[in-house]
Amino acid sequence: QTTTDLTVLGWSNFFELNMAPFAQEGMVPARVMRQDRGVYQVQAHSGRLAAELSGRLQHEAASQADLPVVGDWIALKPQQGDGPDVIHAVLERQSCFSRKEAGMRTDEQVLCANIDTAFIVSSLVGERGFVPRRIERYLTLVWDADVEPVVLLNKLDLCEEVERYVNQTEEIAPGVPVYAVSALTGEGMEETFAHLNPGKTVVLLGPSGVGKSSLINALLGEDTVKTGQVRAEDGRGRHITTWRELLILPGRGVIIDTPGMRELQLWADEEALDGSFSDINAMAANCRFRDCTHQREPGCAVRAAVEAGTFEASRLDSYLRQQTELSYLERRKDQHARKIEQDKWKSIHRSVKSLNKIDPKRRWEKGS
């Protein structure tokens, strides 16, 4: 089996230091390349391997967020014989993308880990394909992870108003590279290649139908990933990718393909809005009150810009919605943490109470 230079996959001194104690126990490093229903495909120096979680790792994980995801570096115990190798630990992450789990539960769902650059992909086809408010949500996700964002406006070959959409995107993503591209014809892809470098990891983020898999095929130079047909009436594609997978770009690092997300519930701190709404923060410096919420306060510079027609009301509304969502999430996190703490102490008190009911003589015997 062909050996793999792990630096091509992003191995660095940071992970080397975290791996040291596990290496002393005979474990080897590997990177999670694919995860599908609890089955892991990992890449080690010796090649591609199948792996499963150790019982201890499953038992000691405080939540699903502590278990391996695509992009994680893990400590692997090679098995003798035909059985799968065993994952004993997840090395500390340099970055990760998380969202709130769908539904009422306040739990973190980690999507992928150890990312350097995120390609936020949107379609240029029709008003339904290009949604600025959705791009803003992805930017908040990326800024919170402290990862470099790049916006790709795909399907350039099908759009007649490319410049208008590019200008709109640049307005909501100040300072972020924005490229109009066509995965089908290759137009505009040259600038995209500049963000792909050996040892670096890129992830493609975006909803189903924007052409993420087609872009990966264009970057790979071959049809490795299945793609769906686009409906002519609305430019939407059929959801094809059903799992996350890390793919090697020869000479250009690695890239993660992700399924389209029907729902992106944010899992971030309110500070993440500083990156995705830096224009609002700049204007807020001129508000009369330092703690202005940009809603009803007198002397609000942001509201004044909206009323003067120099700033989009829909962008301010998007900011306020995300701020409300993240504020609510923080309260839910606090309530969740308090409940866990209360349940822990209730369990301790029950144990003490149960112990006190034992006859002193039997308690002595039990203790001995």
Side-chain angles (χ1 to χ4, degrees), residues 6 9-19 29-36 38 40-43 51 53 57-58 60-76 87-102 105-121 137-150 195 199-206 212 241 243-247 253-261 263-276 322 325-326 329-330 333 336-337:
L6 295 185
L9 302 182
W11 184 252
S12 66
N13 291 335
F14 174 84
F15 299 114
E16 187 86 45
L17 290 171
N18 282 279
M19 182 65 199
R31 196 167 193 192
V32 178
M33 306 294 284
R34 176 171 164 173
Q35 176 192 3
D36 187 20
Y40 296 87
Q41 293 288 326
V42 303
Q43 191 84 25
L53 301 178
L57 178 57
Q58 294 183 66
E60 293 185 350
S63 69
Q64 287 292 319
D66 296 326
L67 297 178
V69 297
V70 170
D72 267 325
W73 286 97
I74 49 95
L76 191 71
I87 300 173
H88 282 263
V90 178
L91 303 188
E92 183 182 344
R93 294 163 176 155
Q94 283 194 309
S95 64
C96 69
F97 288 135
S98 297
R99 67 173 175 180
K100 178 186 171 295
E101 272 193 5
R105 295 178 52 146
T106 308
D107 290 321
E108 176 185 11
Q109 180 188 13
V110 180
L111 304 173
C112 52
N114 300 312
I115 312 301
D116 297 292
T117 303
F119 287 169
I120 300 170
V121 186
R137 292 182 72 81
Y138 277 104
L139 281 168
T140 298
L141 177 77
V142 174
W143 285 123
D144 184 65
D146 197 21
V147 167
E148 176 197 14
V150 175
H195 295 274
K200 300 298 182 182
T201 301
V202 172
V203 65
L204 266 70
L205 300 173
K212 297 191 301 299
T241 303
W243 56 76
R244 295 173 184 87
E245 184 169 12
L246 192 152
L247 301 164
V254 293
I255 192 163
I256 297 177
D257 188 19
T258 63
M261 289 185 276
E263 183 178 19
L264 177 58
Q265 294 195 43
L266 297 175
W267 184 277
D269 295 321
E270 286 190 55
E271 286 77 9
L273 298 181
D274 294 345
S276 45
Q322 287 194 36
E325 182 179 343
L326 293 178
L329 176 63
E330 283 302 309
K333 282 183 185 177
H336 187 58

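All residue numbers in this chain count up from 1 along the given sequence.
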I would like to know whether Leu67 and Leu57 meet side chain to side chain contact (heavy atoms under 4.5 Å, CB included); could you show each step before the answer?
CA-CA 8 Å; Leu67 297 178; Leu57 178 57; 4.3 Å; yes
What is the minimum heavy-atom distance between Arg31 and Val254, and which atoms define it?
NH1-CG2, 3.7 Å
Closest contact, heavy atoms only, Glu148 versus Thr117:
OE1-OG1, 2.9 Å
Can you spot which of Asn18, Leu6, Ile74, Leu76 makes a side-chain contact (heavy atoms from CB on, under 4.5 Å) with Pro29?
Leu6
Leu204 CG to Ile255 CD1 distance, which is reported to the nearest 0.5 Å
4.5 Å
Could I get the full list of side-chain contact (heavy atoms from CB on, under 4.5 Å) partners for Ala89, not counting sequence neighbours?
Phe22, Ala75
Got a second to check how far Leu247's CG is from Arg34's CZ, nearest 0.5 Å?
9.5 Å
Partners meeting side-chain contact (heavy atoms from CB on, under 4.5 Å) with Gln58 (sequence neighbours left out):
Leu53
Value for CD1 (Ile256) from CG (Leu111), rounded to nearest 0.5 Å, stands at 10.0 Å
Considering residues at least two apart in sequence or located in another chain, which fulfil the side chain to side chain donor-acceptor pair (under 3.5 Å) criterion with Asp72?
Arg93
Between Asp116 and Gly199, the two heavy atoms sitting closest are OD2-O, 4.3 Å
Only counting residues at least two apart or in another chain, list the ones meeting side-chain contact (heavy atoms from CB on, under 4.5 Å) with Ser95.
Ile115, Val147
Residues in side-chain contact (heavy atoms from CB on, under 4.5 Å) contact with Asp66, at least two apart in sequence or another chain
Ala61, Ala62, Ser63
Restricting to side chain to side chain donor-acceptor pair (under 3.5 Å), what partner residues turn up for Glu92, sequence neighbours left out?
none
Of the non-hydrogen atoms in Leu9 and Trp73, which two are nearest, and what is the gap between them?
O-CZ2, 3.6 Å
Nearest heavy-atom approach of Tyr138 to Gly206 is OH-C, 3.4 Å
Minimal heavy-atom distance between Phe97 and Val142, with the atoms involved, is CE2-CA, 3.7 Å
